[in-house]
Amino acid sequence: MTVGRILATKGHDVVTIEPQRSVADGAALLARKGIGAIVVTDPEGRVRGIFSERDLVRLLAAKGAVALQEPISDWMTQDVVTTCARASVHSLMEQMTTGRFRHLPVLEDDKLVGIVSIGDVVKQRLAEMEQEQQALREYIATA
Ligand code: AMP
């Protein structure tokens, strides 16, 4: 199973924000879209960082609500780990476990073509397990 198969099911939409926008704008976007992370991109669409709900919690704990007016680029993670459509879901799970994060932007030729969250991976694995169980049931019934 590949990352491309997950994107084929969930779609290629990625919620992004420009680096100079405020943390408050980022938080509002996370809430409005019901997601856990947004990708920070420059005007050319290149990935500059990622900002997740964990970053928001950390900054509120460290600086309080006053930090909500600061640019999101000051609080995003700059070294973004990415994946590609050809990558296996297994390698994705390893990356998330090792890096201790739950979101992986998908790039093709440096272009953002999707994002996969740990929730997408779990959903995919459950669907696969159900298919395997069904195939086994059918095999047993006809054996
Ligand atoms: P998350 O588990 O995705 O909410 O993110 C936990 C922390 O890892 C936050 O500081 C994020 O900014 C950071 N993070 C999330 N996804 C990535 C990624 N793909 N590459 C690097 N850092 C990330």
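Just so it is clear, the model here is predicted, and its values are computed rather than measured. For ligands, and for the atoms within them, numbers begin at 1 and follow the listed sequence.
For atom 5 (O) of ligand 1, the nearest non-hydrogen atom of the protein is Ser52 OG, 3.3 Å. Regarding atom 23 (C) of ligand 1, its nearest protein heavy-atom neighbour is Ile50 CG2, 3.6 Å.
When non-hydrogen atoms are compared, ligand 1 lies under 4.0 Å from the backbone of Asp79 (N, CA, C, O) but not from its side chain. Heavy atoms of Asp55 found under 4.0 angstrom from ligand 1 belong exclusively to the side chain.
Close contacts between ligand 1 and Thr77 involve ligand atoms 10 (O), 11 (C), 12 (O), 13 (C), 22 (N) [criterion: under 4.0 Å to a heavy atom]. Set against the non-hydrogen atoms of Arg102, the atoms of ligand 1 under 4.0 Å away are 1 (P), 2 (O), 3 (O), 4 (O). Each of the atoms 19 (N) of ligand 1 lies under 4.0 Å from some heavy atom of Pro105.
Not a single donor-acceptor pair under 3.5 Å links the side chain of Thr98 to the backbone N or O of Gln95. A donor-acceptor distance shorter than 3.5 angstrom exists from the side chain of His12 to the backbone of Val113, with no hydrogens or angles considered. At least one donor-acceptor pair closer than 3.5 Å links the side chain of Lys10 to the backbone N or O of Ile115. Distance alone, capped at 3.5 Å, places no donor-acceptor pair between the Thr77 side chain and the Asp79 backbone. Side-chain N or O atoms of Ser52 include none that pairs as donor or acceptor with a backbone N or O of Ala37 at under 3.5 Å. The backbone N or O of Glu44 sits less than 3.5 Å from a side-chain atom of Asp42, completing a donor-acceptor pair.
Close N/O approach between Val81 and ligand 1 is found [any backbone or side-chain N/O within under 3.5 Å]. Checking only distances, Arg58 does come within under 3.5 Å of ligand 1, N or O to N or O. For ligand 1, the polar-atom distance check finds an N/O of His103 within less than 3.5 Å of one of the ligand's N/O atoms.
Using a 4.0 Å cut-off between charged side-chain N and carboxylate O, Lys63 and Glu70 make a salt bridge. Remark: Arg125 engages Glu128 in a salt bridge, criterion side-chain N to carboxylate O under 4.0 Å.
Of all the listed residues (Trp75, Phe101, Phe51), Phe101 holds the heavy atom that lies closest to atom 8 (O) of ligand 1.
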